[in-house]
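Please read the structure below before turning to the comments.
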Amino acid sequence: MKKILYLLYAALLIAVFTFSYNPSLSHASSSAIATGEATEDGRPVAWKNRDHWSTPDGWKVYPFYYEADSSSFGPGDSFTSRFNYVGATAEGESGKDPITEKQVPWAGANEQGLGLVQVHGHTLTSDFAADHGYPVSQDLDNGIAAGLMNHILLSRAEHVDEVEQILWETNDGGGFNNSFARNTSTIISVFDRWGNAAIFEIDGDSFTRDNITEEYIQDENGYYSASHEDSKGLLSAEDNNSGDSPNASNPEDGEYSGYDWRTNFSKVEWTKSNGFPYFVDEETTDVVDNEVTAIDDIPNGVHDWNYSTSAVKRHTRAGIRMDDPHPINYEYFIQKEVGSHALPTEWYMESLSRSIGNLPADDKPLGWHLNRHVSTFGSVISGTKQGDPHEGKLTTMWIALGEPSVSVFVPVFPFAGDPPDVLDDMYLATDEKRQQVYEYDGVEACGYSCGRNNNSTADLEALAGKESDGEGYYGEGGIQNNIFKIEDWIFNEYESFMDELRNNNYSDDELEKELADWQKGIAEQARTHYEEGTVPQE
């Protein structure tokens with residue numbers, strides 16, 4: 001029977017990607033966030049796939065633990081380093097801040113329950129501003145760069161409003177390295193332990209805040225064209241030293257509910273005092289004869305460069321369908337079987353992190369999908385909500401240390417301290433699986449289409465099995481069959497563990513040990529079964 005994958009659905013959660021031309025940042029990463037009534041249990045979920053190809057060892061990714069040391073980045077640092085966190089980083093220069101040489105996170109969560117994922121915002125860059133006739137706002141030499149900004153926020157903020165406060169305080173450089181502004185052109189999605197969530201679009205000396213309080217849907221033409229209003233309003237003009245009056249009041253704790261997604265360009269309709277507009281997308285794309293072509297001038301919520309398919313032209317859905325009656329949880333971002341309701345089909349596996357288009361299929365290039373041949377890790381962060389026990393200490397960071405299509409997601413807890421040692425070089429194990437899917441001689445990357453990235457066409461039989469054998473869809477055969485079964489086992493173990501922790505009054509010391517012991521055992525077993533191609537026994 002010919003197996004059908006639905007065309008794009010009116011999504012409850014949409015995530016998209018584009019290419020970024022700044023070689024030092026997080027190329028073409030995708031991110032999404034959901035909370036409140038948009039999630040199964042009211043707990044927020046943040047998702048990120050990181051794409052990177054500009055440094056040879058940028059694919060060597062691992063989780064690291066940062067321990068707060070009360071340090072300050074400058075006289076504008078009102079909080080100083082006060083919270084421990086776990087972050088996803090990489091070997092070499094792609095994982096280091098160029099000024100301080102600190103290890104920096106490209107996604108992470110702290111012990112107080114603040115979760116953060118980040119993508120590069122190319123329409124906020126100095127180059128983009130200059131190309132459109134506007135002055136450069138970034139301090140390109142001395143300012144706080146995107147990775148260091150992630151570190152600052154995770155080590156200092158526990159509430160979404162505190163994220164905003166830190167951004168106000170660094171608009172003028174914050175006293176860091178004698179800078180006059182940040183060196184940021186970035187978009188971050190954050191949630192806190194009260195279930196609040198917001199997205200910040202950040203350039204050098206300004207930012208916008210988009211609170212997650214509604215669901216954004218397609219217009220009558222199928223485009224995601226509705227602009228988002230800047231809703232920052234935590235500090236008064238006098239307190240934030242900007243001279244700007246706040247536009248609106250932020251919601252109270254627990255009032256946030258909805259979903260949103262971000263790619264590499266601004267979505268908030270806001271104009272700086274120098275006239276530079278944040279919402280500047282003017283292109284859509286289409287795929288004609290297997291070639292991506294830029295067309296029209298209708299803003300669709302995506303800046304579509306070459307090799308990019310837009311939210312509405314994508315070959316497959318991304319996220320959960322509106323015809324499904326249930327909301328999402330963290331599993332949807334990784335992989336989860338769900339019932340097909342309005343349109344019956346045997347194809348009902350959601351796998352946002354691993355989306356590579358319609359399957360089964362012949363060999364195909366993966367440059368147009370959420371998971372691509374230059375994706376280096378996937379992260380899904382599951383948070384807490386008002387009323388949860390242990391404050392935000394049960395916040396969980398799920399991480400696939402390699403291209404998500406061939407990697408297994410493993411949970412780690414910021415409150416547990418150091419991630420398991422077995423994850424330090426997990427990227428070597430995932431690369432062995434990757435070489436079964438792609439042809440390449442060396443592991444070093446030297447660009448988007450050379451070195452380890454010289455072939456974007458995946459062997460889909462090796463990945464997901466043969467259609468003639470009744471396989472070929474996500475997780476049905478090949479490498480993914482083993483991966484999905486391992487993850488299903490981890491999901492079951494995790495849910496039982498969370499139930500136990502939420503129903504017991506552990507002291508902080510007891511909780512830390514429980515979390516550390518559990519994550520160590522799960523990581524060790526997951527890697528063993530992953531490498532050996534076996535499945536854990538229930």
Side-chain angles (χ1 to χ4, degrees), residues 24-25 64-87 89 95-118 121 124 137-193 196 198-209 232-244 246 250 392 414:
S24 65
L25 295 173
F64 75 103
Y65 180 66
Y66 171 79
E67 192 167 357
D69 58 10
S70 301
S71 61
S72 173
F73 62 75
D77 189 355
S78 62
F79 291 116
T80 72
S81 170
R82 56 179 180 156
F83 301 133
N84 307 329
Y85 70 78
V86 168
T89 191
K96 293 286 184 67
D97 175 63
I99 294 177
T100 65
E101 296 189 349
K102 286 183 180 292
Q103 202 74 46
V104 294
W106 299 111
N110 69 23
E111 62 185 357
Q112 295 296 312
L114 186 88
L116 180 151
V117 295
Q118 176 259 335
L124 306 176
S137 67
Q138 284 92 347
D139 186 336
L140 303 177
D141 297 321
N142 299 314
I144 297 170
L148 186 61
M149 195 75 245
N150 296 340
H151 158 75
I152 288 170
L153 295 172
L154 285 170
S155 62
R156 288 156 171 81
E158 59 181 327
H159 194 283
V160 170
D161 290 348
E162 291 179 346
V163 172
E164 179 178 334
Q165 182 176 340
I166 292 170
L167 294 176
W168 279 118
E169 293 171 354
T170 55
N171 275 345
D172 61 357
F176 174 77
N177 199 36
N178 297 312
S179 56
F180 63 83
R182 294 177 297 260
N183 181 15
T184 50
S185 50
T186 187
I187 301 168
I188 60 171
S189 301
V190 295
F191 65 67
D192 60 32
R193 69 173 180 265
N196 308 323
I199 297 177
F200 296 87
E201 299 173 356
I202 310 164
D203 71 359
D205 61 4
S206 64
F207 65 91
T208 65
R209 172 172 175 164
K232 63 176 178 282
L234 169 65
L235 304 177
S236 69
E238 179 180 356
D239 290 337
N240 64 44
N241 297 317
S242 71
D244 295 329
N250 292 316

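What you are looking at is a predicted structure, and each value in this text was computed from that prediction instead of being measured.
Nearest heavy atoms, Ser71 versus Asp77: O-OD2, 3.9 Å. The two residues Lys96 and Glu101 come nearest to each other via the heavy atoms CD-O, 3.4 Å. Taking every heavy atom of both residues into account, Gly204 and Ala181 meet most closely at O-CB, 3.5 Å. Minimum heavy-atom separation, Gly76 to Glu169: O-OE1, 3.3 Å.
Taking OG of Ser185 as the reference point, atom CG of Asp203 lies at 8.5 Å (rounded to 0.5 Å). Note that NE2 of His159 is 11.5 Å distant from CD of Gln165, once rounded to the nearest 0.5 Å. With rounding to the nearest 0.5 Å, the separation of CD in Gln118 from CG in Leu154 is 10.5 Å. Taking CZ of Phe180 as the start and CG of Asp172 as the end, the distance is 11.0 Å to the nearest 0.5 Å. Atom CG of Asp205 is separated from atom CG of Leu167 by 12.5 Å, given to the nearest 0.5 angstrom.
Tested against His151 for a ring pair (Phe, Tyr, Trp, His ring centres under 6.0 Å), the candidates Phe73, Tyr85, Phe176 yield a single pass: Tyr85.
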How far apart are the C-alpha atoms of Ile166 and Leu153, what are their side-chain angles, what is the distance that settles it, and do they pass the side chain to side chain contact (heavy atoms under 4.5 Å, CB included) test?
CA-CA 7 Å; Ile166 292 170; Leu153 295 172; 3.7 Å; yes
Going through the checks in order, is the side chain to side chain contact (heavy atoms under 4.5 Å, CB included) test met by Leu148 and Lys102?
CA-CA 8 Å; Leu148 186 61; Lys102 286 183 180 292; 4.1 Å; yes
Verdict with reasoning, Asp161 to Arg209, per salt bridge (Lys or Arg N to Asp or Glu O under 4.0 Å)
CA-CA 10 Å; Asp161 290 348; Arg209 172 172 175 164; 3.0 Å; yes
Evaluation steps, side chain to side chain contact (heavy atoms under 4.5 Å, CB included), between Met149 and Thr170:
CA-CA 9 Å; Met149 195 75 245; Thr170 55; 4.1 Å; yes
Between Tyr65 and Asn84, does a side-chain hydrogen bond (donor to acceptor under 3.5 Å, both in side chains) hold up when you go through it step by step?
CA-CA 7 Å; Tyr65 180 66; Asn84 307 329; 2.9 Å; yes
Start with the C-alpha distance between Asn177 and Ser179, add both sets of side-chain angles, then the distance that settles side-chain hydrogen bond (donor to acceptor under 3.5 Å, both in side chains), and finish with yes or no.
CA-CA 5 Å; Asn177 199 36; Ser179 56; over 6 Å; no
Check the pair Arg82, Ser70 against side chain to side chain contact (heavy atoms under 4.5 Å, CB included), reporting the backbone distance first and the verdict last.
CA-CA 6 Å; Arg82 56 179 180 156; Ser70 301; over 6 Å; no
Test side-chain hydrogen bond (donor to acceptor under 3.5 Å, both in side chains) on Gln138 and Asn183; report intermediate values, then the result.
CA-CA 5 Å; Gln138 284 92 347; Asn183 181 15; 5.8 Å; no
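The closest side-chain heavy-atom distance from Phe191 to Val160 is not below 4.5 Å. Counting heavy atoms from C-beta outward, Ser189 and Phe200 have side chains that stay 4.5 Å or more apart. Side chains of Phe79 and Glu162 form a contact here, defined as non-hydrogen atoms less than 4.5 Å apart. Using a 4.5 Å cut-off on side-chain heavy atoms (C-beta onward), Ile202 and Ile188 make contact. Side-chain contact between Ile199 and Ile187 is present, with heavy atoms from C-beta onward closer than 4.5 Å. You'll find the side chain of Asp97 reaches within 4.5 Å of the side chain of Val104, heavy atoms only. Residues Asn150 and Pro105 meet the side-chain proximity criterion, which asks for heavy atoms closer than 4.5 Å. The closest side-chain heavy-atom distance from Val86 to Glu111 is not below 4.5 Å.
Checking side-chain atoms of Arg182 against main-chain N and O of Ser206 turns up a donor-acceptor pair under 3.5 Å. One N or O on the side chain of Ser72 and one on the backbone of Gly74 form a donor-acceptor pair closer than 3.5 Å. With hydrogens and angles disregarded, a donor-acceptor distance shorter than 3.5 Å links the side chain of Ser155 to the backbone of Ile152. Of the possible polar contacts, none joining the Asn110 side chain to the Gly115 backbone as a donor-acceptor pair under 3.5 Å is found.
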